[in-house]
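Every value quoted in this text rests on a predicted model; they were computed, and no experiment measured them. Each chain gets a letter, A, B and so on, in the order its sequence line appears, and its residues count up from 1.
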Amino acid sequence: MSKSQYAMSSTSSATSPARSSSNPPAGAKKVRTRIAPSPTGDPHMGTAYIALFNMVYAHSQGGEFLVRIEDTDQARSTPESEATILDALRWLNIEWTEGPDVGGPHGPYRQSERQDIYRGYADQLVSQGDAFPCFCSNERLDEMRATQRAEGKTTRYDGLCQSIAPAEAAKQIAAGDAHVIRLVVPVDGTFSFEDALRGTIEIPWQQVDMQILLKSDGMPTYHLAVVVDDHLMEISHVMRGEEWINSVPKHARLYDALGWEMPIHAHLPLLRNPDSSKLSKRKNPTSVTYYRDMGYLPEAVANYLGRMGWSMPDEREIFSLPEMQDAFSLERISLGGPVFDIDKLNWLNGEYLRALSEDEFAERAIAWFTQGNRLRALVPLIHQRTNRFADIAPQVDYLVGDRADLTADDFDHKRVASDQARQILDHALRSFDESRGWERDGIFAICTTLAEGLELKLKDFLGPLFVAIGGKAVTLPLFDSMALLGADVTRMRLRSALEALGGVSKKETKRFEKSWRALIARSEAEIVTVDKEDSGS
RNA sequence: GUCCCCUUCGUCUAGAGGCCUAGGACUCCAGGUUUUCAUCCUGGCAACAGGGGUUCGAACCCCCUAGGGGACGCCA
């Protein structure tokens, strides 16, 4: 297979007018876009951002926008996460006409419910010779990648199982050997496609891995599922984060092998942290629910997101979603990754708040105070501690709104020195970053583990955390407080407390990371020993 | 390390060869209105990453370098 063959076949499928403006040519396919979140955590701002642009673009073209749930990761996907993500999108006034909750003619809209469909196409690909079963163990793959990396090469499957005769492979599969299905990719030449925002992009096939299409649990990977679903759901434009650019060759290969036309692709820039890395919960509140809980208005957040990488033709800063839709065009998208700037969002939100009438303001403020029954949830914490209702507000101030700003002095008087306080905050932050759930008991377990590991009394360990969370040495119970505040607010307060204590130097970061890792490893080892003892008795 | 993407004030951006002495917004600073604060008003600081081309002319086109980001998973 020659270079030109591939370049041509894949380019020709994506030749539609790049950066074309408002009116689609007569008789053109209906514009259909989608957001395809993976329900593995909190609703991420990046998801909302991409969703917004997909919806706005589709609507600006008189097209349709839909939601599909990419829950092929059995271990991490949860229904709760799916529900909060859909809630968050709705909160932002992002609307879809097809999706897992509203149904539609192209369903089901949950990939876990479409398993048979993928299986069929995987079989087809294998029988066509475009894919093959692979029996390699993780150990072998790890070793292979380590070697490749050491040699300075891109890691890539070496094709070992490709040479197994189909009959032999069938025998192994019949015998129940664990296997995956891998995609065959060209060994040389260059792939090229037209990105609607970036023009021609070329990627050498050498760089493209023989991607797994079907996992050993029978679920498809993203790559198979996305191509199959986008085709079956008649998606005309794939607008997604630029992190996907390197996957386009695989997807194009699949479209080609299945005889399908590839949708137009537009890779949007990624939202960034202030240090310009990709927006992450480690460094920033990334959950849409955080912004809801902090009292941002959905229209302000949507407006702000619309200003990320896009501008109104008249440079207006403040605009509604319908106004954005009317003025929208792809060519006004700028490609530099925009930094998510909370200061500017705060200003914008203030503009929206000030523009409200007093009645509207009152109504929305009350709705915010009482949202999700949060005041009721505080009652168990304050009930026994309250003599007069007037005592309530001072007790819960840090739970209902921001806590006081901190200085290093606020951490004095504690039994732990400032260095140790920093270590406590740092280690707590690291453990919270890794933890999946966010309930009182889980938080408690994390803290006891860390306190033991640092050989501190729990009470002393918790001292700096009380200050970091509540802004004072005495607050309502800490674990309940953190649970109520949510993971993003908790992390944010810990980070800001660390700043108040002078920040953590590069050197110290390294030291902390080392000590935290050692501590976690030790505690895990203990758990294993305990388990053994238990089972022995 | 390999490949890909990106590059205008600290941040979000305008700018598609002469309209640029580079405009707006946020932040910050100064002044004014206001009993404080906030709002509001006025003003100020502040950028075309560097180097080569192309052109009568380059922030805009091309090349190189640098910097930033991303990808390299049986995660998406």
Parallel, tilted or perpendicular: which fits the ring planes of A:Phe191 and A:Phe193, with parallel below 30° and perpendicular above 60°?
parallel

Report which part of the nucleic acid A:Ser38 touches: base, sugar-phosphate, or nothing (heavy-atom distance under 4.0 Å, all strands).
sugar-phosphate

Gap in Å between the two C1' atoms, one belonging to B:U65 and one to B:C45, rounded
31 Å

Base, sugar-phosphate, or nothing for A:Leu214, non-hydrogen atoms under 4.0 angstrom?
nothing

Across every strand shown, the nucleotide meeting Watson-Crick or G-U wobble geometry with B:A22 (both distances under 3.5 Å) is none

For a quick check of understanding: with a heavy-atom distance under 4.0 Å over all strands, which category does A:Arg156 fall into, base, sugar-phosphate or nothing?
nothing

With a 3.5 Å limit on both atom pairs, tell me what B:C9 is paired to, counting Watson-Crick and G-U wobble, or say none.
none

Any-strand Watson-Crick or G-U partner of B:U2, both distances under 3.5 Å
B:A71

Under 4.0 angstrom between A:Thr221 side-chain N/O and B:A76 OP1 or OP2:
no

Does A:Val180 reach a base, just sugar-phosphate, or nothing at all? Heavy atoms under 4.0 Å.
base

If I pick the P atom on B:C41 and the same atom on B:A58, what distance separates them, to the nearest angstrom?
40 Å

Assess whether one donor atom and one acceptor atom, taken from the side chain of A:Glu315 and the base of B:G23, lie less than 3.5 Å apart.
yes

Rounding to the closest angstrom, what is the interatomic distance between B:A16 and B:U21 at atom P?
14 Å

When you measure from the side-chain N and O atoms of A:Thr155 to the phosphate of B:G73, is any distance below 4.0 Å, counting only OP1 and OP2?
yes

Remember a base hit wins even if backbone is also touched, and classify A:Gly309 as base, sugar-phosphate or nothing at under 4.0 Å, heavy atoms.
sugar-phosphate

Between the base of B:G1 and the side chain of A:Glu151, is there any donor-acceptor pair under 3.5 Å?
no

Please state whether the base of B:C74 and the side chain of A:Ser216 form at least one donor-acceptor pair under 3.5 Å?
yes

Could you tell me whether A:Ser247 contacts a base, only the sugar-phosphate backbone, or nothing, with contacts defined as non-hydrogen atoms closer than 4.0 Å?
nothing

Euclidean distance for C1', B:G73 against B:G17 (whole angstrom)
47 Å

Please check the phosphate of B:A76 (OP1 and OP2 only) for any side-chain N or O of A:Arg76 closer than 4.0 Å.
no

For the P atoms, the ones on B:C12 and on B:C48, what distance do you get once it is rounded to whole angstrom?
16 Å

Phosphate contact (B:C74 OP1 or OP2) by A:Arg145 side-chain N/O below 4.0 Å:
yes

For nucleotides B:C4 and B:U42, find the distance between their C1' atoms and express it as a whole number of Å.
48 Å

For nucleotides B:G10 and B:C20, find the distance between their P atoms and express it as a whole number of Å.
22 Å

Within the structure, does a side-chain N or O atom of A:Lys278 lie under 4.0 Å from either OP1 or OP2 of B:A71?
yes

Polar side-chain contact A:Ser311-B:U13 base: donor and acceptor under 3.5 Å:
no

With a non-hydrogen cut-off below 4.0 angstrom, is A:Asn138 in contact with a base, only sugar-phosphate, or nothing?
base

Considering every strand and a 4.0 Å limit on heavy-atom distances, what is the contact class for A:Glu351: base, sugar-phosphate, or nothing?
sugar-phosphate

P gap between B:A38 and B:C29, integer Å
11 Å

When the nearest nucleotide of RNA chain B is assigned to A:Pro313 and to A:Leu345 on a heavy-atom basis, which residue is associated with the more 5' position?
A:Pro313

Heavy atoms only, 4.0 Å cut-off, all strands: where does A:Met219 land among base, sugar-phosphate and nothing?
nothing

Using 30° and 60° as the class boundaries, would you call the ring planes of A:His251 and A:Trp244 parallel, tilted or perpendicular?
tilted

